[in-house]
Amino acid sequence: VDSYLVLAIRFCNIGLTGRASDLLQGMVKTHIYASDSSIEMALNSIIGCYHSCSGNNPVVFDVMVDACRRHKMLDAAAKILSGLKIRGVTPSLRSYNGVLSDLLKGGRIKQFWGVHKCMLEAGLAPNIYTYTFMVGAYGKAGNINEAKGVLVEMTEKGCAPNAVTYNVLIGRLCQGGKVNEALNIKREMGKNGLIPDVFTYSTLVNGLCKEQRLQEAKALVAEILNVGLKTNCVAYSTLLDGFISNGEIDEAFKVRDEMLAQGIQLDVTGYNALIRGLCKLGKMEKACQLLNEMVRMGCEPDAVTYGLVIGGYLKDKDVNGAFTMFEKMKKSVMPTVVTYSLLVNGLCHGGDLQRADGVLHEMVASGLKPNVVIYTALITGYCRKGRIEDAREVFKRMVEGGITPDVRSYNSLIIGLCKAGEMDNANMYLVEMKEKRLTPN
RNA sequence: UUCAUAGUAAGCCAAUUA
């Protein structure tokens, strides 16, 4: 560890931060674990080496934090920040913000506030990024009033919110079903001299669509042009998807025509939304035509595109169609866990558990790790066939593989056990899930 | 070296009465 650090510190001293970054990423990967002791050791080393080699570029501390982030070791990053604070070293505000961003994205709100507190204690003043993250953190936890309070607080501190800050608030409101309030916030933006941008509009269009308020959503998409903003394919495909979700496929295609008329090409997500609509209606030839069209137009299908078509075939119980598409997919796109779980689930529904298991093996062989969804699909499949022992076996394998069963996994197994008359075992799992603090539904 | 906002695919489906 010392050798890595000495080199990294010297690289930073002479401005070669890129080299330092490569080194520390390697070091974090091989020598830092979640354990407190390995982190304490690294902290003591970095401070010691910094002094002993006359470190003069504190950027090396940022680089260290960044290295943890790149390896998704957020616990380590947080511990390093607090460990450095105790030792009187303060990484940059950006460094703190980066960790806050990752924690927020991961939904780790409690840790988010821990790092935030640490940052204040280190004497760093929040900037507009920090405040925007705070809005997001409160909003994600459903604390809308606190989120709004952040806007007031930052204004008082002389850091006026910008459109992004407002957009985050609007997004959280929409997510909590408070679309009307979100629309009010958009008006408030205007009063505060901020112009709603395409992000503001798309967020609101999405919120309205999710509430099935499609006419209002459509009007808002039109408003983008009316107020003189440059519209884009996100705004249109959000609306397009809204109509698809609502079963109005003709309206969806009208949105596509409108966007083409505006000179905006469909992107992958737009095509995917249309393909989803066609698959939903079982119009598989049309879906395939659209897939071919997108290739012709130079828009590369992705794993989602193929997943939609595969799912469409499976819904029609056309297993051969699904696998033909799967083979075609593999020529250009890497299947994901979702692709495999579509197949496993489809095969389970058709009762072909042997093949389902084979698909799971293929997935593992390709280097993907099974997740809770795919295991649960398999458990359900075995239960439906009355093969309860096999279902329990899969459940066990999942736990041993380090995957935590969720409420749905327990439901599958418990329902299977109940149907097989094994009430004692069903009860045992019910007790177990409560012990694991999962709330039965 | 490092910081923020928008759109698309996967798993459980029980209980009452008839």
Side-chain angles (χ1 to χ4, degrees), chain A residues 12 17-22 24-25 59-67 69-70 91-102 104-105 127-133 135-136 162-172 174 197-207 209 232-242 244-245 267-276 279 302-312 314 336-346 348 371-381 383 406-416 418 441:
Chain A
C12 285
T17 46
R19 300 294 302 275
S21 178
D22 293 342
L24 291 192
Q25 279 176 57
V59 153
V60 72
F61 298 108
D62 287 20
V63 172
M64 172 94 178
V65 172
D66 179 57
R69 289 184 56 210
R70 285 178 190 237
S92 69
L93 180 56
R94 278 180 170 226
S95 196
Y96 268 99
N97 282 343
V99 176
L100 289 177
S101 167
D102 290 347
L104 182 56
K105 274 199 196 93
N127 66 6
I128 192 155
Y129 286 80
T130 320
Y131 284 120
T132 303
F133 290 132
V135 173
N162 62 14
V164 178
T165 320
Y166 275 98
N167 290 345
V168 171
L169 179 60
I170 287 171
R172 294 304 174 199
C174 287
D197 60 14
V198 181
F199 282 70
T200 321
Y201 279 97
S202 307
T203 307
L204 286 164
V205 168
N206 192 34
C209 286
N232 67 21
C233 59
V234 175
Y236 279 109
S237 48
T238 305
L239 180 62
L240 193 157
D241 183 66
I244 295 287
S245 293
D267 66 1
V268 197
T269 304
Y271 272 110
N272 286 350
L274 286 174
I275 289 174
R276 181 168 77 96
C279 290
D302 62 8
V304 176
T305 318
Y306 285 107
L308 286 161
V309 180
I310 290 169
L314 290 170
T336 69
V337 179
V338 177
T339 320
Y340 284 103
S341 66
L342 281 159
L343 291 167
V344 167
N345 190 45
C348 284
N371 66 7
V372 62
V373 174
I374 198 160
Y375 276 124
T376 303
L378 206 55
I379 289 168
T380 310
C383 287
D406 63 10
V407 177
R408 291 177 181 204
S409 331
Y410 276 102
N411 282 350
S412 275
L413 193 57
I414 289 172
I415 290 167
C418 288
N441 63 16

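In what follows, every chain begins at residue 1, and chains take the letters A, B, ... in the order their sequences are listed. Side-chain atoms are counted along with the backbone in the values below, which use heavy atoms only and exclude waters and symmetry mates.
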### Task
Pick base, sugar-phosphate or nothing for A:Ser412, based on heavy-atom distances below 4.0 Å to the nucleic acid.
sugar-phosphate
### Query
Got A:Leu274 and A:Leu240 here, is their nearest side-chain heavy-atom distance under 4.5 Å?
yes
### Query
When we call it a touch if two heavy atoms are under 4.0 Å apart, what does A:Asn232 touch: a base, just sugar-phosphate, or nothing?
base
### Task
Show your reasoning for whether side-chain hydrogen bond (donor to acceptor under 3.5 Å, both in side chains) applies to A:Ser245 and A:Arg276.
CA-CA 9 Å; A:Ser245 293; A:Arg276 181 168 77 96; 2.6 Å; yes
## Note on the structure
Those residues at least two apart in sequence (or on a different chain) that pass side chain to side chain contact (heavy atoms under 4.5 Å, CB included) with A:Val373 are A:Ser341, A:Asn371
#### Entry: Side-chain touch A:Cys418/A:Ile414, heavy atoms, less than 4.5 angstrom
yes
### Message
Just by distance, no angles: are the side chains of A:Thr336 and A:Thr339 close enough, under 3.5 Å, to form a donor-acceptor pair?
### Response
yes
### Task
Identify whether any heavy atom of A:Ser237 sits under 4.0 Å from a base atom; if not, whether one sits that close to sugar-phosphate; answer base, sugar-phosphate or nothing.
base
### Query
Under 4.0 angstrom, heavy atoms only, what part of the nucleic acid is A:Ser92 near: base, sugar-phosphate, or nothing?
base
### Query
If you look at every strand shown and take non-hydrogen atoms under 4.0 Å, does A:Val304 touch a base, only sugar-phosphate, or nothing?
base
### Task
Name the nucleic acid region contacted by A:Gly270, choosing base, sugar-phosphate or nothing; use a 4.0 angstrom heavy-atom cut-off, strictly under.
base
### Task
With the side chain counted from C-beta on, respond yes when A:Cys383 and A:Ile379 share a heavy-atom pair under 4.5 Å apart, and no when they do not.
yes
### Touch class at under 4.0 angstrom, heavy-atom based, for A:Phe199 against every strand present
base
### Query
Using Watson-Crick pairs (N1 to N3, plus N6-O4 or O6-N4) and G-U wobble pairs, both distances under 3.5 Å, which stems of at least 3 pairs involve RNA chain B?
none
### Message
Any base atoms under 4.0 Å from A:Val372, or only sugar-phosphate, or nothing? Heavy atoms, all strands.
### Response
base
### Leading and trailing nucleotides of RNA chain B with any atom under 4.0 Å from heavy atoms of chain A
B:rU1 to B:rC13
### Task
Begin from the C-alpha positions of A:Asp406 and A:Ser409 and carry the test side-chain hydrogen bond (donor to acceptor under 3.5 Å, both in side chains) through to its verdict.
CA-CA 5 Å; A:Asp406 63 10; A:Ser409 331; 2.9 Å; yes
### Task
Quick one: label A:Thr200 by what it contacts on the DNA or RNA (base, sugar-phosphate, nothing), any heavy atom closer than 4.0 Å.
nothing
### Between A:Thr238 and A:Asn206: side-chain donor-acceptor atoms closer than 3.5 Å
no
### Query
Looking across every strand, which nucleic acid part, if any, lies under 4.0 Å from A:Asn371 by heavy atom: base, sugar-phosphate, or nothing?
base
### Task
Describe the nucleic acid contact of A:Thr203 in one word from base, sugar-phosphate, nothing, applying a heavy-atom distance below 4.0 Å.
sugar-phosphate
### Message
Under 4.0 Å, heavy atoms only, any strand: does A:Ala20 hit a base, just the sugar-phosphate, or nothing?
### Response
nothing
### Task
Could you tell me whether A:Ser409 contacts a base, only the sugar-phosphate backbone, or nothing, with contacts defined as non-hydrogen atoms closer than 4.0 Å?
base
### Message
Applying a 4.0 Å non-hydrogen cut-off, can you work out what A:Asp241 is touching in the nucleic acid: base, sugar-phosphate, or nothing?
### Response
sugar-phosphate
### Message
Test your reading of the model: is there a side-chain donor-acceptor pair from A:Asp241 to the backbone of A:Ala273, 3.5 Å cut-off?
### Response
no
